[in-house]
Each structure stands twice: as structure tokens, then as C-alpha cells.
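The block underneath contains the structure these notes are about, expressed in C-alpha cells.
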Number of protein chains: 2
Amino acid sequence: MWKDCGVDAMPEMEATLKRDAVVVPLAAKRVCGAVACRDCGVYRLCAALGLEEDELSLLERVVKRKLIFKRGGLLFRAREPAHYVYAIRSGSVKTCVGTEGGRVQITGLHLPGELLGLAGFDSREYTCEARALETTSVCQVSMQQLEEVAERLPAIHREMLCIMSGQIRHYEQLLLLLGKRNAERRLAAFLLGLSQRFALHRYSPTQFNLSMSRSDIGNYLGIAEETVCRVFTRFQEEGVITTRRRYVELHDIERLRAIAHDPGRRAAAPSALASGT
Amino acid sequence: MWKDCGVDAMPEMEATLKRDAVVVPLAAKRVCGAVACRDCGVYRLCAALGLEEDELSLLERVVKRKLIFKRGGLLFRAREPAHYVYAIRSGSVKTCVGTEGGRVQITGLHLPGELLGLAGFDSREYTCEARALETTSVCQVSMQQLEEVAERLPAIHREMLCIMSGQIRHYEQLLLLLGKRNAERRLAAFLLGLSQRFALHRYSPTQFNLSMSRSDIGNYLGIAEETVCRVFTRFQEEGVITTRRRYVELHDIERLRAIAHDPGRRAAAPSALASGT
DNA sequence: CCAGCGCTTTGATCCAAATCAAAGATTTGA
DNA sequence: TCAAATCTTTGATTTGGATCAAAGCGCTGG
């Protein structure tokens with residue numbers, strides 16, 4: 001399903017850290033495999049813009065241009081001036097933050113229709129680094145011009161607030177995942193989450209490409225890559241999933257759900273204060 | 001102990017879901033121990049409002065009222081209509097999210113000057129539950145009226161975006177913390193983070209009240225409460241800190257920093273793709 | 001078509017932290 | 001003031017998952 005549009009991760013040894021994005025003229029409307037505008041997370045934002053001027057001209061004014069990044073390509077670095085926001089049209093992107101200690105933590109896997117780079121609104125700098133996990137097509141949106149338009153159209157700001165609050169919800173879920181111990185549960189929840197998101201964007205919820213290596217997945221979920229392998233193997237033996245490298249098929253969503261939600265053993269339950277459900 | 005405010009979800013008390021916050025007339029300007037308005041996280045927001053009308057009258061229009069919650073008091077529940085945003089004036093609040101599995105994860109400890117409840121902007125519902133950890137004074141701000149004013153003043157929206165992006169940065173840091181293994185590092189980073197935040201609001205950065213129980217701290221950091229105790233004891237033996245129940249003194253910030261940033265052993269390092277620093 | 005490299009898998013061993021237990025220390029309400 | 005109810009600590013034991021090692025596998029480029 002990924003190959004048909006030549007998007008599959010041809011890990012080209014691109015040693016270059018510089019942006020080697022390919023600029024695509026806006027005229028080239030449809031990128032094969034890309035989400036349609038109306039499935040894009042910024043669609044409502046674009047729609048709001050359309051309220052007052054000719055749709056395309058305004059889009060051109062704010063959507064700087066369409067870019068294509070190769071696997072490993074850098075969209076932006078942490079602490080770099082945040083001039084642009086990116087909407088993913090096809091492919092996938094991972095974001096990560098780093099400590100002084102040199103450790104790196106992957107904080108997000110972003111799929112088509114999602115928006116990147118808004119978190120730096122406050123400091124006007126990106127808070128994390130973003131890299132394409134495979135050949136990825138994005139819309140690059142100028143923050144400054146977006147702000148200028150927003151000055152007159154509060155709807156723009158409201159959409160931005162919505163997108164950010166969505167990001168916050170995502171992090172809350174991830175925290176929930178990392179707080180709970182068990183590796184099986186983490187992976188089950190991870191797969192289910194992906195499945196849901198793919199479904200949201202009209203991709204198959206039962207077979208997809210992970211696009212991240214075992215090592216990245218481990219980092220993202222706070223477990224060792226060997227453990228990721230072992231759990232995948234176990235799931236496979238139980239007939240819950242099938243994997244072949246980064247390609248996955250989910251055979252038994254219910255079982256996965258059971259694993260992910262397993263009330264299981266005690267896991268640092270908060271005091272009565274917390275459990276006020 | 002929680003009975004004092006009748007908020008805890010005891011079966012027999014189930015009916016008392018109502019907030020038993022004490023309403024303080026706006027006239028009562030200074031709450032002992034509360035942050036001054038200009039140290040409050042929403043100050044810029046309030047200031048922006050002041051631009052166009054008499055300060056107090058507009059504040060009264062948007063800041064619904066000042067409330068005081070007792071320890072354990074419920075500010076809001078997850079999935080409840082998000083009518084208000086809360087600015088903490090004094091005390092502290094914890095936020096937590098829950099899974100179907102019944103597990104609860106504490107996602108935040110909020111100190112004076114911080115803002116709560118904005119994450120629900122998208123869905124117009126709170127995404128998490130918020131409870132006072134001690135007697136806590138807050139400003140309750142009406143979302144609807146805030147939005148009405150924002151319609152004319154983009155600055156309001158910009159401030160909200162800033163506050164949200166700050167929240168996102170906080171979560172990114174927390175993820176970094178939960179991703180890295182070692183319990184000592186988690187606790188060292190936790191203490192340092194608190195110290196910084198207290199300093200930010202003009203409280204002592206070296207002696208403060210944790211306000212959370214060991215159990216809550218463990219939940220927040222993804223470790224068992226017994227481990228929290230043991231690590232605190234170890235820190236104490238090394239002369240790095242002193243604790244007495246929830247009261248802490250930091251004696252050797254540098255040492256704490258060293259522990260927190262310890263390059264340490266391998267910890268699921270992401271692939272070359274990720275470490276593009 | 002083959003060699004090299006990076007990713008994935010599997011096995012063996014070790015250890016930090018979870019669990020299980022239970023005794024102090026506080027708090028608080030009867 | 002006392003006793004139940006909570007927290008905190010500390011000790012003993014267990015264990016999931018990290019580490020260490022070392023084969024397979026599949027691209028990718030020469």
C-alpha cells in the first residue's frame with residue numbers, strides 16, 4: 001500500500017544534515033498517496049482563510065510551498081527560529097528532544113494530516129527536532145503571515161488553539177503509556193494508537209508500515225529494542241499480529257485491546273486523592 | 001482525612017460531586033501567600049485585557065471569581081464541559097488522566113501562577129481531572145467570555161497560545177524524564193524542576209513543600225512509592241537533601257544536577273536517524 | 001552478483017526496581 | 001486523649017526487562 005506511490009522508505013544514504021527538501025510548485029496539486037486537503041489537520045485552518053479571499057491566492061500567501069523530504073531529512077532542529085509550521089501531506093515524521101546528558105527521547109510520530117512546529121509559538125523557536133522517516137511531502141506555512149492573517153481572523157487562532165490542545169491530549173496519552181510498566185501493554189497500546197490514527201485518515205487500520213525502526217520504537221516507548229523484538233515475536237506466536245520488518249498486520253484487535261488495558265498488577269497507584277473517578 | 005471537604009469519591013458520599021469551593025468576593029484582594037497578579041501566569045493575559053477597558057471592571061467580567069479549594073477539592077473532572085480556566089494564586093493542584101483499565105496517571109503538579117484547563121479548548125471538555133493538593137486559591141475565568149473578548153483582541157489568543165505551548169514544552173520534558181530509566185535521575189530531575197519553578201515565582205528554590213505524597217510522586221515519575229522513599233533516603237545519606245514528610249531542603253544542587261544529567265548507561269538510543277545533533 | 005552495513009532476532013545473564021511484608025510516625029476525628 | 005486511618009520507611013524476595021553476545025536478513029552500492 002505504500003509502494004504504489006513510491007513512498008516506501010528507500011533508505012538513501014543521505015549523509016547530509018542540510019535541508020535537501022525538494023520544492024514542488026503549488027500548481028502540482030495532487031501528490032500520489034498524500035491526504036486530500038479536507039483530510040488534513042489544517043484543513044479547517046485553510047478553510048477559515050478561504051472565508052475572505054480567493055481560496056488559492058490566500059493559500060499561496062500563507063502556505064509558503066510544498067516540500068518533499070527524503071528519509072532522514074531534517075524539517076527543523078530544536079532551538080532554531082520557528083518561522084514555519086508544517087502540515088504533513090504524505091509520509092511520516094518523528095520528533096525528538098534531547099538533554100544536556102546527550103540522551104534523546106522521541107516524543108512523536110506524525111502521520112499525514114498532522115501539524116508540526118506549533119509548540120514553539122511561545123519562544124518562537126522549535127522545541128524539538130523533526131525528521132522525515134520516509135519520503136515525506138509537507139506544506140510549509142509561514143508563521144508570520146499566518147499571524148498577520150490571524151490578526152483579522154480570530155478563527156485562525158482558534159484553530160491553532162485546537163490543534164495545540166490536540167497535541168496536549170496526545171502527550172497526556174503518551175504519559176499514561178510511559179507511566180504504566182509492562183512492555184507488552186506499551187506495544188499493544190502503541191499499535192492500537194497507530195491503527196486508530198491510520199483509520200482516521202482513511203488508511204487501513206489493520207495493516208500499515210511502522211516507518212520507525214525497532215530501536216526508535218523502543219526509545220519512543222521507553223523500552224529496549226530487543227524487548228520490542230521479543231514482544232513482537234510473542235504477539236506473533238499468539239497470532240495477534242504479523243510483522244515483516246516494518247510492515248505490520250493486526251489480526252486480533254480485541255486481543256490487543258485486552259492486553260493494552262489489562263488491569264494487571266499494581267503499578268504505583270496514586271493515593272485516594274487521585275482516584276476520584 | 002479527605003472527608004473534611006466531602007469531595008472524595010467514597011461510595012456513600014457519591015452524591016457530593018459538587019464543588020465545595022469557598023467563593024471569595026473579588027474585593028478581597030490579597031490572599032495570604034498568594035502570588036501577586038504580576039507574577040501570575042495569566043498576568044499578560046489580564047494586562048492585555050486592561051488595554052481597552054477599566055482594568056478592574058474587565059477583570060471582573062472575565063475573571064468570574066476567586067475560589068478557595070481545600071486539600072483534595074475537585075476543580076474539574078475529565079470529560080466535563082470546560083466552561084472555565086483556572087489560574088492558581090496559591091497552593092498547588094495535581095492533574096491526572098485515567099484509562100479504561102482503571103489506571104490513573106498523574107500528568108502534572110501545578111504551582112501558583114500557572115494556568116489550568118486550557119487543554120480542553122479543542123473538545124470543549126476538560127481532558128484531565130484537577131484536584132487541590134492543599135488549601136488552594138484560584139481565579140476562575142469564564143472561557144466563553146474570554147473568547148468573546150478575544151474576538152476583538154488577538155493578543156488574548158496569542159497569550160493563550162503561548163500558555164499552551166509552554167504546557168507542551170513541559171510535557172516534552174516530562175517525557176524525557178519518563179523515557180530515561182534510572183529512578184535516582186528521575187527524582188533528582190523532579191526536585192530540580194520544582195526548585196526552578198519555585199524560584200520563578202519568588203519562593204525559596206532550596207526549601208519547599210512537595211505537597212504530593214510519596215505515592216503520588218511515584219505515580220507521576222513512573223516508579224513505586226517504596227522506591228521514592230529509598231532514593232530519598234539515599235540522597236539524604238549522601239547529604240544532598242533533607243526531607244521531613246513532604247517538606248524538602250536541597251543542600252547540594254550541583255550534585256543533584258550531576259545525578260539528573262548523568263550520561264549513564266545506554267538507554268534505548270534512537271537510530272542514527274534520530275541523533276542528528 | 002557479491003560484500004558490507006544496518007536492522008532484526010534470539011539466547012544467556014544480571015540487576016534495578018517492583019512486590020510483598022510489616023513496623024514506625026502523623027494526623028484527625030470520635 | 002486515644003485509636004483508626006494514612007503515610008513513610010525499611011527489609012526480604014522476586015522478576016521484567018536491560019545488557020551483553022552473536023547470528024540471520026535484506027538492502028544498497030560497487
Side-chain angles (χ1 to χ4, degrees), chain A residues 3 8-15 70-72 133-134 178-187 209-219 221-237 243-248 262 264-275, chain B residues 1-6 8 10 70-72 133-134 178-187 210-219 221-237 243-248 262 264-275:
Chain A
K3 258 206 307 266
D8 207 11
M10 305 300 286
E12 250 157 295
M13 281 308 98
E14 68 96 19
K70 289 192 202 159
R71 174 177 161 89
L133 282 163
E134 57 195 301
L178 291 185
K180 88 177 84 182
R181 303 273 58 69
N182 195 285
E184 287 198 357
R185 277 196 265 172
R186 293 184 196 205
L187 277 163
N209 208 298
L210 291 174
S211 75
M212 288 204 287
S213 69
R214 303 287 191 265
S215 165
D216 278 356
I217 294 172
N219 177 286
L221 299 178
I223 54 188
E225 63 181 299
E226 294 95 327
T227 304
V228 175
C229 280
R230 276 186 257 265
V231 173
F232 274 175
T233 302
R234 221 174 304 155
F235 282 173
Q236 219 158 168
E237 287 165 354
T243 64
R244 174 164 179 75
R245 307 281 287 178
R246 299 184 183 183
Y247 176 78
V248 189
D262 177 4
R265 62 248 75 177
R266 154 186 159 182
S271 71
L273 243 178
S275 53
Chain B
M1 132 182 292
W2 301 108
K3 267 200 302 258
D4 61 352
C5 46
D8 212 13
M10 319 224 95
K70 289 192 201 159
R71 176 176 159 90
L133 282 164
E134 57 195 302
L178 290 185
K180 90 177 82 183
R181 305 272 59 69
N182 194 287
E184 287 199 356
R185 277 195 265 172
R186 292 184 197 204
L187 277 164
L210 290 173
S211 74
M212 288 204 288
S213 70
R214 301 289 191 267
S215 165
D216 278 354
I217 294 171
N219 178 286
L221 300 177
I223 54 188
E225 63 180 299
E226 294 94 327
T227 305
V228 175
C229 279
R230 276 185 256 267
V231 173
F232 274 175
T233 302
R234 221 176 304 155
F235 282 174
Q236 221 159 166
E237 287 165 355
T243 64
R244 173 163 177 74
R245 307 282 286 179
R246 300 185 182 182
Y247 176 78
V248 190
D262 177 4
R265 66 247 74 181
R266 154 186 159 184
S271 71
L273 247 176
S275 53

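Labels below follow one simple rule: chain letters A, B, ... track the order of the sequence lines, proteins then strands, and each chain is numbered from 1.
Qualifying side chain to side chain donor-acceptor pair (under 3.5 Å) partners for B:R234, counting only residues two or more places apart in sequence or in other chains: B:E184. Every residue two or more places apart in sequence or in another chain that forms a side chain to side chain donor-acceptor pair (under 3.5 Å) with B:T243 is listed here: B:Q236. The side-chain contact (heavy atoms from CB on, under 4.5 Å) check on B:L210 picks up B:F190, B:L191, B:L194, B:F208, B:R214, B:I217, B:F232, B:R246, B:V248, with sequence neighbours excluded.
Protein atom CG of B:N182 is 10 Å distant from nucleotide atom P of D:dT19, rounded to whole Å. The CZ-P distance, from B:R186 to C:dA16, rounds to 14 Å in whole Å. For B:L221 and C:dA16, the CG to P distance is 19 Å, given to the nearest whole Å. Residue A:N209 contributes atom CG, which lies 11 Å from atom P of C:dT8 at whole-angstrom precision. The CZ-P distance, from A:F235 to C:dT9, rounds to 14 Å in whole Å. What separates CZ of B:R71 from P of C:dT27 is a distance of 10 Å, to the nearest Å. Distance A:N219 CG to C:dC7 C1': 16 Å, rounded to the nearest Å.
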Output, in order, the C-alpha distance, side-chain angles, deciding distance and verdict of side chain to side chain contact (heavy atoms under 4.5 Å, CB included) for B:V231 and B:I223.
CA-CA 11 Å; B:V231 173; B:I223 54 188; 5.9 Å; no
Derivation of the side chain to side chain contact (heavy atoms under 4.5 Å, CB included) call for A:E225 and A:N219:
CA-CA 8 Å; A:E225 63 181 299; A:N219 177 286; over 6 Å; no
Identify each atom pair where a protein N or O and an N or O of nucleotides 8-10 of chain D are less than 3.5 Å apart, giving names and distance.
| unit_1 | atom_1 | unit_2 | atom_2 | d |
| --- | --- | --- | --- | --- |
| D:dT8 | OP1 | B:R246 | NE | 3.1 |
| D:dT8 | OP2 | B:R214 | N | 2.8 |
| D:dT9 | OP1 | B:R214 | NH2 | 3.1 |
| D:dT9 | OP2 | B:R214 | NE | 2.9 |
| D:dT9 | OP2 | B:R214 | NH2 | 3.3 |
| D:dT10 | OP2 | B:T233 | OG1 | 2.7 |

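When all heavy atoms of A:E134 and A:S211 are compared, the closest pair comes out as OE2-CB, 3.5 Å. Closest non-hydrogen pair, A:T227 versus A:A183, comes out as CG2-CB, 3.8 Å.
Annotation: the span from A:L221 atom CG to B:L178 atom CG amounts to 12.5 Å, rounded to 0.5 Å.
Note that the two end axes of the helix from C:dC1-D:dG30 to C:dA30-D:dT1 enclose an angle of 40°, each drawn from 5 base pairs, rounded to 10 degrees.
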